[in-house]
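Working notes, beginning with the structure itself.
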Amino acid sequence: MTDITLSLPDGSERTLPAGATGADLALDIGPGLAKAALLVSVDGTEQDLSDSLLDGASVSIITADSDEGLYAIRHSTAHVLAQAVLDMWPGATYAIGPPIEHGFYYDFMLPGGETFSPEDLEAIDSRMREIIELDQSFERHETDAAGAMELFADHPYKREIIAKVSAGEAGVELSGEAGASGVLSYYRNGDGFVDLCMGPHVPSTGRLGHFALQKVAGAYWRGDESQPMLQRIYGTAWASKKELSGHLHRLVEAEKRDHRRLAVELDLVSWPESLGPGLAVWHPRGALVRKLIEDYSRERHETGGYDFVFSPHIAKSVLWETSGHLDFYADGMYPPMEMDGATYYPKPMNCPFHVTVFDSGQRSYRDLPVRYFELGAVYRYELSGAIHGLMRSRGFTQDDSHIFCTREQVPGELASLLEFTLSVLRAFGFDDFQAKLSTRPDEKSVGEDDLWEMATDGLRNALETAGLSYVVDEGGGAFYGPKIDVDVTDAIGRPWQLSTIQLDFTLPERFGLEYVGSDGGRHRPVMIHRALMGSIERFFGVLLEHFAGAFPTWLAPEQVRVLPVAAEHQEYAESILASLEERGFRSLVVAADEPLGKRVRAGKVAKVPHILVVGDDDVANGTVGENKRGADSPERDLPLADFLARLDDEVDSRT
RNA sequence: GCCCGAGUAGCUCAGUUGGUCAGAGCAGGCGCCUUGUAAGCGUCAGGUCGUCGGUUCGAAUCCGACCUCGGGCUCCA
């Protein structure tokens with residue numbers, strides 16, 4: 001047998017005996033690497049370490065430091081989960097168990113439709129740790145469709161997968177040649193447990209262990225409501241104990257930012273049970289912040305070339321027939337109301353109303369572009385299980401705009417629109433954006449191909465002009481046109497989809513909109529739908545989580561709290577308050593009925609950005625003591641004028 | 001909508017195998033304290049234990065239905 005020569009990532013070459021595996025290679029490079037090795041990448045494809053390497057291949061050893069390594073850990077942990085469950089529930093069958101962001105899941109069907117309880121999770125966890133302790137190896141085997149069908153004779157979901165894969169219907173893109181060649185792979189563990197799996201896996205169960213089972217949930221087979229409901233177990237898995245505990249800690253931190261919790265704690269919003277699912281009332285402090293957000297939005301639109309319009313909450317069915325909503329969006333609409341022999345629907349969108357405003361008179365090309373803006377409340381019938389605080393509700397207020405322009409104006413409008421969008425979002429402290437371009441859906445869409453193409457190109461150009469990074473979601477567009485969605489990343493790295501810009505050639509068509517061109521002829525305008533914050537309610541919720549309740553000074557419902565040290569300083573405190581209010585700062589004096597420490601704490605808990613403490617020295621010198629939110633220690637003897645100047649700067653710069 | 005879980009004072013929660021189990025802290029009212037930077041002391045009031053029905057001598061506790069809330073239902077062997 002001759003030796004084989006392999007190229008390594010650093011450009012060097014290494015020679016090993018023929019038949020050498022990835023594990024041999026890792027050991028040859030060094031014992032440390034051998035210990036850390038999980039997979040081997042061969043010519044860009046991840047494989048098991050036990051696979052023999054071919055002469056001339058370009059290889060690299062994959063450890064938990066890479067996404068691929070971490071994915072293998074999660075995938076293999078899911079495999080152990082299935083092993084434990086099938087071991088503990090005779091007659092149970094399993095479906096799929098992929099790695100996901102931060103972890104993994106596995107879907108099962110228990111005998112007799114039994115379900116998992118939280119106590120079961122503990123028992124499964126223990127069984128998994130036993131399997132890991134045994135350090136069973138993951139052995140890869142290959143077979144053909146018939147062999148696989150026999151092997152998984154008792155497991156209908158696996159058989160369905162086998163049928164699909166062997167028919168080349170699924171998995172081809174992702175599994176590459178495995179699906180296309182008709183070869184099916186499965187893995188067998190030390191104790192005989194077998195799972196259909198394209199791999200690769202870590203070498204043995206002993207390489208796992210830093211995991212936690214998190215929750216049980218129902219999940220439809222293939223995500224399809226008409227399919228059976230499977231029992232899904234979610235877990236998280238990491239390369240080290242430290243990373244696992246770090247992740248669990250981050251989950252706790254995220255929970256602390258939950259807008260539903262903060263909204264109640266900070267007395268902003270509440271959800272009285274008597275109102276119904278997803279319906280909130282805004283308390284004075286919450287309403288104040290919301291008003292500030294809306295005021296800012298109106299101000300920007302006013303200076304941004306928009307005209308304000310208003311529209312009713314309901315309209316007769318003919319409007320929704322003309323718009324196409326009843327054909328394409330009926331599932332998302334509230335049920336109709338019968339009145340005086342006519343049928344009315346609550347509006348799921350504002351666009352048809354804005355169209356009717358445009359259509360109320362004759363338009364000239366000299367009028368275009370026309371930009372209508374409305375903070376318009378819309379009602380959408382969301383599934384009850386989808387409702388979530390302010391983030392997802394059945395009624396919300398869009399910062400909605402519809403722009404009517406000529407085809408020639410489209411590129412310029414889109415470019416300036418995107419710039420406007422980003423500028424408004426930046427004012428609220430977001431500066432990390434990710435865009436998505438969604439193209440024509442396969443079904444349920446209207447309009448001619450060339451219109452879709454032109455619309456899509458217009459959006460793409462706007463993205464490129466703005467220099468925004470974006471991904472393409474093929475088939476993700478609305479029924480009436482392609483769109484751009486803009487996500488922001490919040491303070492703890494979570495993405496939130498806020499803005500949407502959608503081109504629409506069909507609504508002007510449906511409503512027969514026209515303008516008179518310079519040639520004296522009649523032309524059809526192009527329509528652009530867009531929302532920046534999307535839903536004001538949801539945007540408020542996102543801000544609340546982003547800032548963890550500590551709104552920047554310009555948005556804080558209470559900007560300054562003045563605390564007299566003792567009753568004798570009350571008068572001075574009130575004079576400070578007068579100075580603040582004179583300048584429009586939202587302020588409060590809390591009298592010395594309670595100890596200072598307690599009042600400071602109350603101010604901190606309420607997340608007031610500035611707490612002023614005033615005592616004898618301040619009365620004598622016209623100063624204040626400032627205890628600023630987030631500062632390490634208070635600052636004494638600050639001249640009032642200096643503090644006011646700082647406050648002005650802070651509000652002006654929106655920090 | 002479907003699966004799992006939860007629902008005790010305004011908030012956070014305790015309540016062992018059904019039998020003084022209707023409690024605590026915070027918040028709130030009142031009084032004392034007059035305070036220099038994250039909880040001073042005392043006292044009072046607050047709940048049909050989500051709702052309705054059932055089992056039982058007896059239910060916050062067990063069973064059923066409903067309501068509301070939470071998690072999940074696109075991540076493809």
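Everything quoted here is computed from the prediction, not taken from an experiment. Each chain gets a letter, A, B and so on, in the order its sequence line appears, and its residues count up from 1.
Atom OH of A/Y105 and atom P of B/G72 are 13 Å apart (whole Å). Look at CE on A/M391: it is 16 Å from P on B/C69, rounded to the nearest Å. Rounded to an integer number of Å, the gap from CE of A/M198 to P of B/C76 is 8 Å. Atom CG in A/L275 sits about 20 Å away from atom P in B/G50, given to the nearest Å. Rounded to an integer number of Å, the gap from A/D107 CG to B/C76 C1' is 10 Å. For A/L266 and B/A27, the CG to P distance is 16 Å, given to the nearest whole Å. Atom-to-atom, CG of A/L262 to P of B/U12 comes out at 12 Å; the value is rounded to the nearest Å. Between A/Y106 atom OH and B/G72 atom C1' the separation is 19 Å, expressed in whole Å.
Here, B/G25 and B/C63 have their C1' atoms 34 Å apart, quoted to the whole Å. The gap from the P atom of B/C44 to that of B/A6 amounts to 36 Å, rounded to the nearest Å. Spacing of P atoms, B/G18 relative to B/G58, comes out at 15 Å, to the nearest Å. Remark: the separation of the C1' atoms in B/C26 and B/A39 is 9 Å, to the nearest Å. Distance check on atom C1': B/A24 versus B/U8 gives 12 Å, rounded to whole Å. On the C1' atoms, B/C21 is 25 Å away from B/G64, given to the nearest whole Å. B/C69 and B/C33: their P atoms are spaced 49 Å apart (whole Å). For the P atoms, the distance linking B/C66 with B/C30 amounts to 46 Å, nearest Å.
Using N1 to N3 plus N6-O4 or O6-N4 for Watson-Crick, or N1-O2 and O6-N3 for G-U wobble, each under 3.5 Å, B/G19 pairs with B/C57. With a cut-off of 3.5 Å on both Watson-Crick or G-U wobble distances, the partner of B/C41 is given as B/G31. Base pairing analysis places B/G64 opposite B/C52; the two distances defining the Watson-Crick or G-U wobble pair are each below 3.5 Å. Under the Watson-Crick or G-U wobble criterion, with both distances below 3.5 Å, B/C26 is paired with B/G10. Using the Watson-Crick or G-U wobble rule with both distances under 3.5 Å, B/G70 pairs with B/C4.
With B/U34, B/G1, B/C73 as the candidates, the nucleotide lying closest to the side chain of A/A592 is B/U34. Closest to the A/V216 side chain, of the nucleotides B/C11, B/C4, B/U34, is B/C4. Distance from the side chain of A/E273 is smallest to B/C67 among B/C67, B/G1, B/G72. Comparing B/G1, B/U37, B/C75 by their closest approach to the side chain of A/V613 singles out B/U37. Closest to the side chain of A/Y220, from the set B/G1, B/C75, B/C3, is B/G1. In the set B/U35, B/U37, B/G1, B/U37 carries the atom at the smallest distance from any side-chain atom of A/N627. Nearest to the side-chain atoms of A/Y234 among the listed nucleotides B/G71, B/C4, B/C73 stands B/C73. In the set B/C73, B/G40, B/U68, the nucleotide with an atom closest to the side chain of A/A219 is B/C73. In the set B/G72, B/G36, B/U34, B/U34 carries the atom at the smallest distance from any side-chain atom of A/A567. In the set B/C4, B/C69, B/G71, the nucleotide with an atom closest to the side chain of A/P277 is B/C69.
As judged by a 4.0 angstrom heavy-atom cut-off over every strand, A/K215 is placed among residues touching the sugar-phosphate backbone only. Using a 4.0 Å heavy-atom cutoff across all strands shown, A/R260 reaches sugar-phosphate atoms only and no base atom. A/G597 comes within contact range of the sugar-phosphate backbone alone, with a heavy-atom separation under 4.0 Å but no base atom that close. Residue-level contact check: A/G389 touches the backbone only, with heavy atoms under 4.0 Å from sugar-phosphate atoms and none from bases. As judged by a 4.0 angstrom heavy-atom cut-off over every strand, A/L563 is placed among residues making no nucleic acid contact.
Side-chain atoms of A/P348 and A/Y379, non-hydrogen and from C-beta on, never get closer than 4.5 Å to each other. Side chains of A/E139 and A/Y187 form no contact here, defined as non-hydrogen atoms less than 4.5 Å apart. At least one side-chain heavy atom of A/V613 sits under 4.5 Å from a side-chain heavy atom of A/L596.
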Go through A/V600 and A/N627 one step at a time and tell me if the side chain to side chain contact (heavy atoms under 4.5 Å, CB included) criterion holds. CA-CA 9 Å; A/V600 168; A/N627 191 327; 4.0 Å; yes
Let's go through A/W496 and A/V486 carefully: what are the C-alpha distance in whole Å and the side-chain angles of both, what is the deciding distance for side chain to side chain contact (heavy atoms under 4.5 Å, CB included) to 0.1 Å, and is it a yes or a no? CA-CA 8 Å; A/W496 298 96; A/V486 180; over 6 Å; no
Step-by-step side chain to side chain contact (heavy atoms under 4.5 Å, CB included) determination, A/Y157 to A/L230: CA-CA 11 Å; A/Y157 299 109; A/L230 304 174; 3.6 Å; yes
Side chain to side chain contact (heavy atoms under 4.5 Å, CB included) between A/F396 and A/R538, intermediate numbers included: CA-CA 8 Å; A/F396 55 94; A/R538 179 168 176 275; over 6 Å; no
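Salt bridge A/R260/A/D258: present, at least one basic N to carboxylate O contact under 4.0 Å.
The residue among A/G625 and A/T115 whose nearest nucleotide of RNA chain B is located toward the 5' end is A/T115. Both A/D593 and A/E265 lie close to RNA chain B; mapped to their nearest nucleotides by heavy-atom distance, the more 5′-ward contact belongs to A/E265.
With hydrogens and angles ignored, a donor-acceptor pair under 3.5 angstrom links the side chain of A/D618 to the base of B/G36. Judged by atom type and distance alone, A/Y381 does not reach the base of B/G1 through any side-chain donor-acceptor pair under 3.5 Å.
In B/G7 the base sits anti relative to the sugar, since the glycosidic angle is further than 90° from 0.
Side-chain atoms of A/S270 and A/H283 form a donor-acceptor pair, as typed in the model, at a separation below 3.5 Å.
Taking side-chain N and O atoms only, A/K256 has no distance below 4.0 Å to OP1 or OP2 of B/U12. Between A/H569 and B/U34 there is no side-chain polar atom (N or O) within less than 4.0 angstrom of OP1 or OP2.
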